[in-house]
Protein chains: 2
Amino acid sequence: MMMVRKRSEDLSPKHIRILEFLAKYQEEYDRPPSIREICAKVGISSTSVVNYDLDQLERRGFIIRDDRVSRGLRLTEKIKEVVQVVGDLLHIPIVGQIAAGLPLPDLQPGVAYITENEAHAVDIARSLLPAKEKGNDLYALEVKGDSMIDAMINDGDIVVMKPAVEARNGEMVAVWLPDKNEATLKYFYKEKDGYTLRPANPSMKPIHIAKNRQLEIKGKVVMVIRKMDTMKL
Amino acid sequence: MMMVRKRSEDLSPKHIRILEFLAKYQEEYDRPPSIREICAKVGISSTSVVNYDLDQLERRGFIIRDDRVSRGLRLTEKIKEVVQVVGDLLHIPIVGQIAAGLPLPDLQPGVAYITENEAHAVDIARSLLPAKEKGNDLYALEVKGDSMIDAMINDGDIVVMKPAVEARNGEMVAVWLPDKNEATLKYFYKEKDGYTLRPANPSMKPIHIAKNRQLEIKGKVVMVIRKMDTMKL
DNA sequence: TTTATACTCGAACAGGCGTTCTGTGTCAAG
DNA sequence: CTTGACACAGAACGCCTGTTCGAGTATAAA
């Protein structure tokens with residue numbers, strides 16, 4: 001009969017703690033810890049157990065071990081799926097697309113999301129974001145179609161967003177208009193009789209939303225990135 | 001009498017070779033080499049000599065050594081003065097502004113420029129650029145005014161550019177039109193009777209440039225970055 | 001020459017290090 | 001129950017590694 005035990009791809013809490021320590025140590029010292037340092041900090045009493053666990057982590061693709069080399073382990077990209085690596089780079093998952101007819105993903109503020117497919121992510125330098133921003137809950141959307149053109153945003157652009165359900169005046173937000181079945185990016189202004197959504201392009205007309213009409217704020221726009229397809233050859 | 005010997009801040013060719021090897025090894029393995037690995041690769045026959053040299057490099061601020069720790073040395077920022085460190089981040093200087101009335105800076109392709117004021121620069125993740133792009137000669141311009149609005153580019157946006165004096169069809173270029181005294185960003189198309197410059201916004205009309213009119217291509221647009229002023233408080 | 005400093009070399013030491021082996025205990029399937 | 005896979009502990013082995021020491025060479029100042 002088939003084994004119904006723990007699947008070999010799973011990670012135990014101890015594995016997570018080891019990966020977290022590896023990332024933290026690497027970040028601080030620019031080198032991996034020794035096995036005995038892992039013992040001490042993760043709370044494992046034998047080097048052989050750490051060796052045992054490291055072999056498992058290697059088999060699962062999180063690290064690469066170099067035989068008989070002190071501190072001979074390297075973190076792979078896959079570790080980003082488990083722990084937030086605090087470096088100069090912020091790893092932001094592209095969780096979906098934004099288009100006129102598509103509903104916007106519903107993400108909770110303050111929660112970090114991870115994508116199964118790591119090809120869909122963008123790395124942003126921390127220096128490009130406000131200093132206060134930790135950025136753990138940022139996510140990105142790929143713009144499909146030309147419906148955001150009056151927000152000065154093109155087909156193919158990447159918008160980096162921060163989860164939010166409300167906004168202050170002057171902030172650019174991603175909103176979902178249920179009665180128009182439309183997602184859009186606009187500057188947000190609250191007024192006494194409702195809301196005004198202003199396009200980034202000042203030559204286009206703002207949209208007024210009466211108080212009784214529905215309006216769902218899905219997040220604030222933090223950054224827009226447009227990659228040109230130059231230099232393909 | 002004063003010593004006229006080698007000044008203690010100078011770096012011997014051997015020191016340079018060691019620093020180059022340290023940076024290369026660190027880049028490849030995410031850890032520093034051992035002293036004996038330095039011996040072998042740099043061509044020094046005794047570990048004590050390497051130890052001797054590492055102490056000098058530490059005293060001069062290029063590395064930090066951790067006592068009695070295997071591979072216990074860390075590269076400091078100062079190493080960038082000596083060797084080109086290839087990392088995940090690309091440091092792109094903002095060399096000026098781009099606006100309707102301002103001439104565009106004249107930069108040579110293939111030359112790396114550095115700004116004296118390091119506050120004016122953006123860090124871009126290498127993963128956001130095409131794999132082939134080395135990126136040493138990239139520079140950035142800050143957009144001033146709304147004159148680029150038909151290129152879907154806003155006031156305050158950052159455009160990352162690659163120096164170029166010619167372009168292929170479909171590439172977005174920064175051009176200077178001497179007879180109109182204007183800088184602009186447009187998609188470039190060469191035709192038999194001249195050139196056509198198409199705005200990124202398809203609803204705007206393209207500009208046709210006759211063969212006899214002047215047109216100076218200053219560079220290709222690689223990326224556009226728009227930072228929102230959200231989260232200021 | 002003498003003296004001082006800088007640099008190099010080889011060897012050895014002591015502890016750090018990855019690795020291996022034996023043994024124990026747990027848990028679920030047969 | 002027995003069996004086997006899995007997880008953990010402890011000890012030991014032997015190489016790896018940073019460090020230290022004594023000695024030698026070279027250059028330049030006194």
Side-chain angles (χ1 to χ4, degrees), chain A residues 1-19 21-22 25-26 28-60 62-75, chain B residues 1-19 21-22 25-26 28-60 62-75:
Chain A
M1 189 183 269
M2 277 291 291
M3 283 256 299
V4 198
R5 295 253 270 164
K6 191 185 292 183
R7 303 274 305 121
S8 67
E9 293 105 30
D10 288 350
L11 289 178
S12 71
K14 189 178 59 171
H15 290 155
I16 308 282
R17 272 186 291 136
I18 292 178
L19 288 176
F21 175 65
L22 293 183
Y25 191 102
Q26 180 81 40
E28 184 169 357
Y29 297 108
D30 280 349
R31 66 171 177 258
S34 72
I35 286 186
R36 282 170 177 84
E37 285 172 326
I38 302 175
C39 275
K41 294 293 181 179
V42 181
I44 300 173
S45 49
S46 176
T47 61
S48 65
V49 175
V50 174
N51 186 57
Y52 178 79
D53 291 328
L54 290 181
D55 275 340
Q56 293 186 90
L57 291 176
E58 182 179 34
R59 211 172 312 118
R60 290 161 207 208
F62 292 98
I63 64 174
I64 297 172
R65 302 192 72 185
D66 298 333
D67 250 27
R68 270 160 256 269
V69 172
S70 68
R71 304 171 191 273
L73 71 89
R74 283 169 277 170
L75 306 181
Chain B
M1 190 183 271
M2 275 291 293
M3 282 255 299
V4 198
R5 296 250 269 165
K6 191 186 292 182
R7 303 272 302 120
S8 67
E9 292 105 32
D10 288 351
L11 290 177
S12 71
K14 189 178 59 171
H15 290 155
I16 308 282
R17 272 186 291 136
I18 291 179
L19 287 178
F21 175 65
L22 292 183
Y25 191 102
Q26 180 80 40
E28 183 169 358
Y29 297 108
D30 280 350
R31 64 169 180 259
S34 72
I35 286 185
R36 281 171 178 84
E37 285 172 324
I38 302 174
C39 274
K41 294 293 180 176
V42 182
I44 301 174
S45 50
S46 175
T47 60
S48 61
V49 175
V50 173
N51 186 56
Y52 179 80
D53 291 327
L54 289 182
D55 275 339
Q56 293 186 91
L57 291 175
E58 183 179 33
R59 210 172 312 118
R60 288 161 209 208
F62 292 99
I63 63 174
I64 297 172
R65 302 193 71 186
D66 297 334
D67 251 28
R68 270 160 255 270
V69 172
S70 68
R71 304 172 192 273
L73 70 90
R74 285 170 274 170
L75 306 182

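Below, chains carry the letters A, B, ... as their sequence lines are ordered, and counting in each starts from 1. Note that these values count all heavy atoms, side chains included, but never hydrogens, waters or copies made by symmetry.
Between B/Ile35 atom CD1 and D/dC16 atom C1' the separation is 12 Å, expressed in whole Å. Following rounding to the nearest Å, B/Leu54 (CG) and C/dT8 (C1') show an atom-to-atom distance of 15 Å. Counting to the nearest Å, the C1' atom of C/dG18 and the CG atom of A/Asp55 are 11 Å from each other. Between the C1' atom of D/dA7 and the CG atom of A/Leu57 lies a distance of 14 Å, rounded to the nearest Å. Atom CZ in A/Arg31 sits about 14 Å away from atom P in C/dG16, given to the nearest Å. Across the protein-nucleic acid pair, B/Glu37 atom CD and C/dC17 atom C1' stand 14 Å apart, rounded to whole Å. Atoms CG (B/Asp66) and C1' (C/dG16) sit 14 Å apart, rounded to a whole Å.
With sequence neighbours left out, the side-chain hydrogen bond (donor to acceptor under 3.5 Å, both in side chains) criterion links A/Lys41 to no other residue. Considering only residues two or more places apart in sequence or on other chains, A/Ser45 meets the side-chain hydrogen bond (donor to acceptor under 3.5 Å, both in side chains) condition with none of them. Considering only residues two or more places apart in sequence or on other chains, A/Glu37 meets the side chain to side chain contact (heavy atoms under 4.5 Å, CB included) condition with A/Tyr25, A/Pro33, A/Ser34, A/Arg71. The side-chain hydrogen bond (donor to acceptor under 3.5 Å, both in side chains) search around A/Thr47 returns none, not counting sequence neighbours. Applying the side-chain hydrogen bond (donor to acceptor under 3.5 Å, both in side chains) criterion to B/Arg74, with sequence neighbours excluded, gives B/Asp66. For the side chain to side chain contact (heavy atoms under 4.5 Å, CB included) test, residues two or more places apart in sequence or in another chain that qualify with A/Asp55 are A/Asn51, A/Glu58, A/Arg59, A/Arg65.
In this model, the phosphate group of D/dC16 is not approached by any side-chain N or O of B/Ser34 to a distance below 4.0 Å at OP1 or OP2. Remark: A/Asn51 is not in phosphate contact with C/dG18, judged by side-chain N or O atoms under 4.0 Å from OP1 or OP2.
With DNA chain C read from its 5' end, the first of the two nearest nucleotides for B/Arg36 and A/Arg65 is the one closest to B/Arg36.
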Between protein and nucleic acid, restricted to nucleotides 8-11 of chain D and to nitrogen or oxygen atoms under 3.5 Å apart, what atom pairs and distances do you find?
unit_1 : atom_1 : unit_2  : atom_2 : d
D/dC8  : OP1    : A/Lys14 : NZ     : 3.4
D/dC8  : OP2    : A/Lys14 : NZ     : 2.2
D/dA9  : OP1    : A/Ser45 : OG     : 3.0
D/dA9  : OP2    : A/Ser45 : OG     : 3.1
D/dA9  : O5'    : A/Ser45 : OG     : 2.8
D/dA9  : N7     : A/Ser48 : OG     : 3.4
D/dG10 : N7     : A/Ser46 : OG     : 2.7
D/dG10 : O6     : A/Ser48 : OG     : 2.7

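Across the helix from C/dT1-D/dA30 to C/dG30-D/dC1, the helix axis at one end is tilted relative to the axis at the other end by 10° (nearest 10 degrees, each axis from five pairs).
Residues A/Leu19 and A/Leu11 have side chains in contact (heavy-atom distance under 4.5 Å, counting atoms from C-beta outward).
Taking each heavy atom of A/Arg17 and A/Val42 in turn, the nearest pair found is NH1-O, 2.8 Å. Here the closest heavy-atom approach between residue B/Leu54 and residue B/Ile63 is recorded as O-CD1, 3.6 Å. Shown here for B/Pro32 and A/Asp30, the closest heavy-atom pair between the two residues is CD-O, 3.9 Å.
Across residues 67-74 of chain B, B/Asp67, B/Arg68, B/Val69, B/Ser70, B/Arg71 each have a non-hydrogen atom less than 4.0 Å from an atom of DNA chain D (numbered order).
Screening residues 37-56 of chain B for ring-ring contact (aromatic ring centres under 6.0 Å, His included), with sequence neighbours left out, gives no hits.
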